[in-house]
Amino acid sequence: MNRETALALTLLTQGGCDPLQVRLARVRGGMSGATVLRVSGPAQPLRYVKIARRHYAASLRDEIARTRWLTACGIAVPHILQVDDQSDCVAMLMDAAPGLPIDDSPLPPSRIAAALGAALAALHALPAADCPFDETLATRLARATAAVAEGDIDGDDFDDRNSGVAPDALLARLGAAAPAEDIVVVHGDATLDNVMIDDRGRVSFIDCGNAGRGDRYLDLAVMASGIAENFGAAATKEFARAYGGTRDDAKARYYLDLYELF
Ligand SMILES: Nc1ncnc2c1ncn2[C@@H]1O[C@H](COP(=O)(O)OP(=O)(O)OP(=O)(O)O)[C@@H](O)[C@H]1O
Ligand SMILES: [Mg+2]
């Protein structure tokens, strides 16, 4: 048994599950350095365990604090059922967000796009001044600077519009052109992989470790780009209509470029 499985079984026991009655299946590799396990069994609801070790542990601690804060604000995110925090390793047990990944939803694209727009608008309507987590541009640029300096960013992964641009050149361009911020509570990593939708169009957010005070375009740019890629331009109009407000294409491009360094 590997260390992750052993930790997951301990956490499940602490959370009141019978480890002999469950099946653990590793979820296909996330980007965050965490291990995610799907926990199923005949006599219990579906759950997930997320485990992070060494330098990834701090990110999972952030995710736990931010997810709990969003729960307290009434946002649909997984409930954290149990946490085991040791110095070099953190594990959390959470319930499954209801519904399906966007890719598997039987709902029509226009309905999905509208549901995503409304869900993001509700998140962005939380009082940002009450949010203790900082995801403002200064914080994001500082994080990007560290990631570029450590060689964590591979320019070959950039979108076509930035093809051939070196990570440090992109960072310099972004640092020199910072737009004025319009601060709301953001999810902070609003890809379509990080939302679930049920058959009535109710949206839940998962993977909330980068939620905090930040510009609304941190989310709008990334989510609109995912919707355009998956469902086409008509669906992005539906998304924008349901979200409400004005559209700033230059700012969206800026935040998409910033996301290249995320
Ligand atoms: N509570 C949950 N409910 C439903 N599905 C979940 C839950 N937690 C994780 N998953 C599934 O596992 C996948 C990976 O989880 P998560 O996004 O938290 O990991 P990650 O390593 O941070 O991933 P990435 O960095 O790729 O976004 C999700 O995209 C989702 O399919
Ligand atoms: Mg994710």
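In each ligand, atom 1 is the first atom listed, and ligand 1 is the first ligand listed. Any value given below was found using the heavy atoms of this structure, including those in side chains, with hydrogens, waters and symmetry copies removed.
- Against a heavy-atom cut-off of under 4.0 Å, Val36 is close to the following atoms of ligand 1: 9 (C), 12 (O), 15 (O), 19 (O).
- Here is the list of ligand 1 atoms found below 4.0 Å of a heavy atom in Asn194: 17 (O), 27 (O).
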Derivation and outcome, side-chain contact (heavy atoms from CB on, under 4.5 Å), residues Ile206 and Val195: CA-CA 6 Å; Ile206 59 174; Val195 288; over 6 Å; no
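- Under 4.0 Å from ligand 1, heavy atoms of Ala97 appear from its side chain as well as its backbone.
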Full working for side chain to side chain donor-acceptor pair (under 3.5 Å) between His187 and Asn194: CA-CA 9 Å; His187 176 278; Asn194 285 337; 4.9 Å; no
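- Connectivity analysis of hydrophobic side chains (ILVMFWY, heavy atoms under 4.5 Å, direct or indirect) links Leu100 to nothing; its cluster partners are none.
- Of all atoms in ligand 1, numbered sequentially from 1 with element shown, those under 4.0 Å from a heavy atom of Pro78 are 1 (N).
- For a threshold of 3.5 Å applied to N or O pairs, the pair formed by Asp207 and ligand 1 contains at least one separation below that value.
- Side-chain atoms of Asp257 and Val165, non-hydrogen and from C-beta on, never get closer than 4.5 Å to each other.
- Between Leu60 and Met92, some side-chain heavy-atom pair lies under the 4.5 Å cut-off.
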Arg161 vs Glu260, side-chain contact (heavy atoms from CB on, under 4.5 Å): CA-CA, chis, key distance, verdict: CA-CA 11 Å; Arg161 69 178 183 290; Glu260 302 269 42; 3.9 Å; yes
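- Within a 6.0 Å radius of CZ in Arg143, more than 12 heavy atoms belonging to other residues, nucleotides or ligands are found.
- The part of Asp95 lying near ligand 1 is the backbone, judged by heavy-atom distances below 4.0 Å.
- When only modelled atom types and interatomic distance are considered, Asp193 and Thr191 share no side-chain donor-acceptor pair under 3.5 Å.
- Under 4.0 Å from ligand 1, not a single heavy atom of Arg38 appears.
- Under the 4.0 angstrom criterion for non-hydrogen atoms, Ala96 is in contact with ligand 1.
- Protein N, O or S atom count below 2.8 Å of the Mg ion (ligand 2): the structure gives 2.
- Applying the 4.0 Å criterion to heavy atoms of Asp193 picks out, from ligand 1, the atoms 29 (O).
- The number of heavy-atom neighbours closer than 6.0 Å to NZ of Lys251, taken from other residues, nucleotides and ligands shown, is above 12.
- Which of Phe262, Phe205, Tyr48 comes nearest to atom 6 (C) of ligand 1 through a heavy atom is settled by distance: it is Tyr48.
- Atom CZ of Arg23 has 12 or fewer neighbouring heavy atoms from other residues, nucleotides or ligands inside a 6.0 Å radius.
- Atom CZ of Phe205 is separated from atom CG of Leu116 by 7.5 Å, given to the nearest 0.5 angstrom.
- Distances below 4.0 Å separate heavy atoms of Lys50 from the following atoms of ligand 1: 16 (P), 18 (O), 19 (O), 20 (P), 22 (O).
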